[in-house]
Every structure is written in C-alpha cells, then in structure tokens.
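Inspection log for the structure reproduced underneath, given as structure tokens.
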Amino acid sequence: MRECKLLSFAIVLVLFLVNGVNGEDPYRFFTWKITYGDIYPLGVKQQGILINGQFPGPQIDAVTNDNLVISVFNYLREPFLISWDGIQQRRNSWQDGVYGTNCPILPGKNFTYNIQVKDQIGSFFYFPSFLFHKAAGGFGGIRIWSRPKIPVPFPNPAGDFTVLAGDWYKTNHYILRRSYLEFGRNLPSPDGLLINGRGWNGYTFTVDQGRTYRFRISNVGLTTSINFRIQGHKLKLVEVEGSHTLQNIYDSLDIHLGQSYSVLVTADQPVQDYYVVVSSRFTPRVLTTTAVLHYSNSRKGVSGPLPWGPSTQVAWSLSQARSIRWNLTASGPRPNPQGSYHYGLIKPARTIMLANSAPYINGKQRFAVNSVSYVQPDTPLKVADYFKIPGVFSVGSIPTNPTGGSGYLQTSVMHANFREYVEIVFQNWEDTVQSWHIDGYSFFVMGMDGGQWTPASRVRYNLRDTVARSTTQVYPRSWTAIYVALDNVGMWNVRSENWARQYLGQQFYLRVYSPANSWRDEYPIPRNALLCGRGRGRRTRPL
Ligand SMILES: *[C@@H]1O[C@H](CO)[C@@H](O)[C@H](O)[C@H]1NC(C)=O
Ligand SMILES: *[C@@H]1O[C@H](CO)[C@@H](O)[C@H](O)[C@H]1NC(C)=O
C-alpha cells in the first residue's frame, strides 16, 4: 500500500516535470466532507470533527508551486473555516481561512479554497480556525516536497512520517467554548496528550532496521508546549517550518504550540519495539503519552522505563532554541542557497513591540496584545476593506508599543506598508511560555533572552544563520525578536497559538497595504468568495 502510494507519487512527479514544460504549475484537487463523528482518543467517547471520516484529517502532499483546489463541504451544525498554518498565500489573504479574511462556511454549504504553495517547501498543518473547533480535531498534516531538480540536503529517507502531537480535552469543544471561554474563564488543564489522534501506544510507526526515516512533528495542541523523543534513538534535525537547518543531533526536541520540525531517525538499534514519547513542558503536572516505533521484524514489544524528558529549566529549552540554525549552503524552495538572502544586513525601518497580558475586562478573563483584546467584528475585515464598508474596523486601532494601560476590547488592526522591513519584539511579562504566529509570512528569529528587551539586546542577535519560520516561542519573563520583510500584501492574522488565548483576544490583524491596488501586488476578491455580515448581497468583481 505504502509502496503503491510512493510509486503513484513518483508518477505524478514525472507528470509534473512533463507538464512543467508549458509553464503552468500543476493542480491538485481535494474534496473534503466535514462531519461530526464518535472518537475515543483517551478511551471515552466524544464528538470529533472528521474530514472524509478521518481523525486526524487526510494528509496534503504538494510540490513547491502546486495549486491546491480544496472543496470543503460543511456537514456540521455550526459554521466552519479551515486555515493553513505556515502556508504563505502569496498575494492572497483571501484564502487564509481565518474569520478576519473569510466568511465562514455555513452548515450544509461548501466553499472551494484555491491555494498556491508558491516558493515553499517543508512541514506544516491545517486546522479549523473558527468556534474552537480545533479542540474537536479537523486538523491534518501538510507536506510540501521540493521540486525534482532542487537539491535536498540529505539522502532520500526510507519513509516519511507525520506526527501530529498535542494536548487534548475529553470535554466537547462546545462546552469548552460556552462554559469556559465565553464565560470568561481560562481552560482547565488538558486531560492528556495525543499522537496522531491516539492515546498510549495507540499509534505505531513501522521501520526497517538500518534505514533512516523522516519524522515531521507538529504541535497541534491547544495550550501546552511539548517535548518529543524516541527511546534509544537520536534525532537529527533537518527542517523547521520550511527552512533547512544545520543537522544537529538531539536526544529530544521542544516543540511549542503551532511549531513544526523535521528530524531524521536511523533505526540503528537492536531489533525490538521502542517508545516514541511526547510529554508536556512547563506545566505544573507533566502529561505524557507514547506511540510505538516498531522494527519490522521485531517480536519484542515496548519495554523498560520511558526515556526521561530534559531539564524543566527554561535555560535548557532556550539553549536548544539558540542552537537551531539555517544551513546557509543548502537550497530552500529554489536552487540558490538559503544563505544568499542576507537578512542580517538589512536595517529594519522600525521596531514594533508586542506585549501579551491577561487582563480581566468586565469581570471576565481576556487576553491582550498591547492592552488590546481582539473582538470579532460582524463582517470579516478583508471583506469590509474590499467593499469599503465603514465602521467595521479602523487601521491603527492597536498601538505599536505596549502602553501599560489597562486592557480593553477592540477589533484591532495595525497598519504596515508593503515592502517595509520591520523588527518585531515579543515581550512576555507573564509566567507562561507564549507562542506567536504570523500568517502570510516567514520571519527570522533574531534572538531571545530573559528580561526586558532593550536596543542593547541587538548586540547578541544572530545576524548570520538563524532560521526563517512562521511560529516562535517567547519564554516566561523573556523576549523574542524577529525581522520580517513585509512583501505580501493582505490582511494577516498575528496570533497566539495558545488557542484559549487566541479565542479570548490575544491576536490582531496586520494590514499590509500597497496603494498601487494592482493584481501584481494582490489578487482580487475570488469569484466564489462567501459574503456575510455587512458584505452580504454585494457582488464580487467579475474576472
Ligand atoms: C457548492 O456551493 C455553490 C454555491 O456556493 C453551489 O452553487 C454548488 O452547487 C455547491 N456544490 C455542491 C456539490 O453542493
Ligand atoms: C548543509 O547543506 C549541505 C548541502 O548544501 C550539506 O552537504 C551539508 O552537510 C549541510 N551541513 C550541515 C552542517 O548540516
């Protein structure tokens, strides 16, 4: 079966090469039915969100520049949206699938996403972005393979495994939403952890002794950082959210909410089964789960103690984060070496500082950025912007630096100019690890450290070989600084990947604006765009 899939994939690759001659990037078509279904990930029955009957949802395989045409049929009783974490949607925030850019797909309706994975490679995931559906599943892996002629800086692995790991609640997503978040309460601690939708030893990765495999691990959980390790085996890091890394060897890897990593694992141990372990990080109570690494001719099941997790000191995790580097000579999505983009030699035009907080507003727990706790408008921002509908949002409704004032509710949109090169400092004065994501972009993680960021902190920036990625952690009482080239016009969600925080306001939209109003910079509204709120009944421009 697996070989068969690989073979058909190889045939498709060949077809692409042939098709490539006429210059048109290939298309891949998907039809997805979104339904509720019973799942038992932690041994008790609960209502999950399935895609074509599957939990987690089907894997998306694509090659750089492919066009993905994904028709989504919503059979839930609630409106639904899917977003594509780390897929850059160049010139096309219309396909981003978050409520700031798209009207939700109503029950019984469908919508077709047209996505091009332009100039991207690597490991990502998709997830349902609306109404806390992520707590019920509906997520899946995305692999973007290099084009056949672009060198990949490691030998072709014998197999390629997706590992979707994260925390999980036995409570229905609707209850989590209605009885906790909308009530103004934070979520309780998660009930456990899952690996590919299964609990303890519920999932098996089968390997042949002596061969090397790629594991693409994404933290698809809601509230906790995780650590990933395999009993008796080393992890060779090769890729982080589309960047090829220096191939450091680790015993275990910290993966924060929304992050994705690829490691190579060689099955170089005696023939038997081994534990694949995921445990929670920086939580009062450590949650752990396991899957099985099964050597194909093994007759000995998993045994022995689980390998210990690393030190619970932040310093350990911070030092590992700093050790993750770009391989400057390796190719990324294009043949030229990654290091030919000298991000460290460009001077940012300005510094934006974003400080998270957890204010009580009107007696309810909220989360905020620079004191602003985001509230959803009645009309997606992108739709309101396009039809020039007044009163939905105003640009500049969130300060670009912390104010120290008390928290307030606002539909917050920050302005930025197309092609601006900016420095963003995430300053975290809370006691919990933060995870920040920016849609539409990958950015350079310049540095991170404890305490307050000051201009003097720049002295220790990595100006040479940090990775470009789309999600970064910020340690407790610490800062993380990034550089980002705002070369993608659109309305882009900047958010906490902690899903309770995101839901209760720790997010905003960055409106990257070009006055040219040209198709060269941004695609027009798609003909099939759904219209809702104050956009209802308007006409999308005929093509
Ligand atoms: C999908 O929705 C469109 C309207 O947006 C409708 O015209 C079409 O018939 C629907 N497709 C199916 C198969 O239901
Ligand atoms: C960097 O990539 C090159 C391929 O361009 C590869 O040969 C080399 O081993 C990689 N270096 C490290 C340290 O991972």
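Source: prediction; values computed, not measured. Each ligand, and each atom within it, is numbered from 1 in the order the structure gives.
The pair E239-R469 does not meet the salt-bridge criterion, since no charged nitrogen lies less than 4.0 angstrom from a carboxylate oxygen. At a threshold of 4.0 Å, the pair D119-R90 does not count as salt-bridged, since none of the basic side-chain nitrogens sits closer than that to a carboxylate oxygen. Here R495 pairs with D85 in a salt bridge; the nearest charged N to carboxylate O distance falls below 4.0 Å.
Under the 4.0 Å distance rule, the nearest protein heavy atom to atom 4 (C) of ligand 1 falls outside the cut-off. Within the 4.0 Å cut-off (strictly below), no protein heavy atom is located near atom 7 (O) of ligand 1.
F125 and W84 have their aromatic ring centers separated by at least 6.0 angstrom.
Both the sub-6.0 Å distance and the 45° axial angle are not jointly satisfied by R177 relative to the ring of W499.
Contact atoms of ligand 2 toward P153: 2 (O), 4 (C) (distance under 4.0 Å to a heavy atom of the residue). If you number the atoms of ligand 2 from 1 as listed, the ones under 4.0 Å from a heavy atom of T329 come out as 1 (C), 2 (O), 3 (C), 5 (O).
Nearest protein heavy-atom contact of atom 13 (C) of ligand 2 is L246 CD2, 3.7 Å. For atom 10 (C) of ligand 2, the closest heavy atom belonging to the protein is N327 ND2, 2.4 Å. Among all non-hydrogen protein atoms, the one lying nearest atom 2 (O) of ligand 1 is N110 ND2, 2.4 Å.
Test K234, R229, H233 against D251 for side-chain hydrogen bond (donor to acceptor under 3.5 Å, both in side chains) and you get one pass: K234.
Heavy atoms of F111 come nearer than 4.0 angstrom to ligand 1 in no pair at all.
Put simply, CG on D96 and CD1 on I82 are 12.5 Å apart, with the number rounded to the nearest 0.5 Å.
Close N/O approach between Q247 and ligand 2 is found [any backbone or side-chain N/O within under 3.5 Å].
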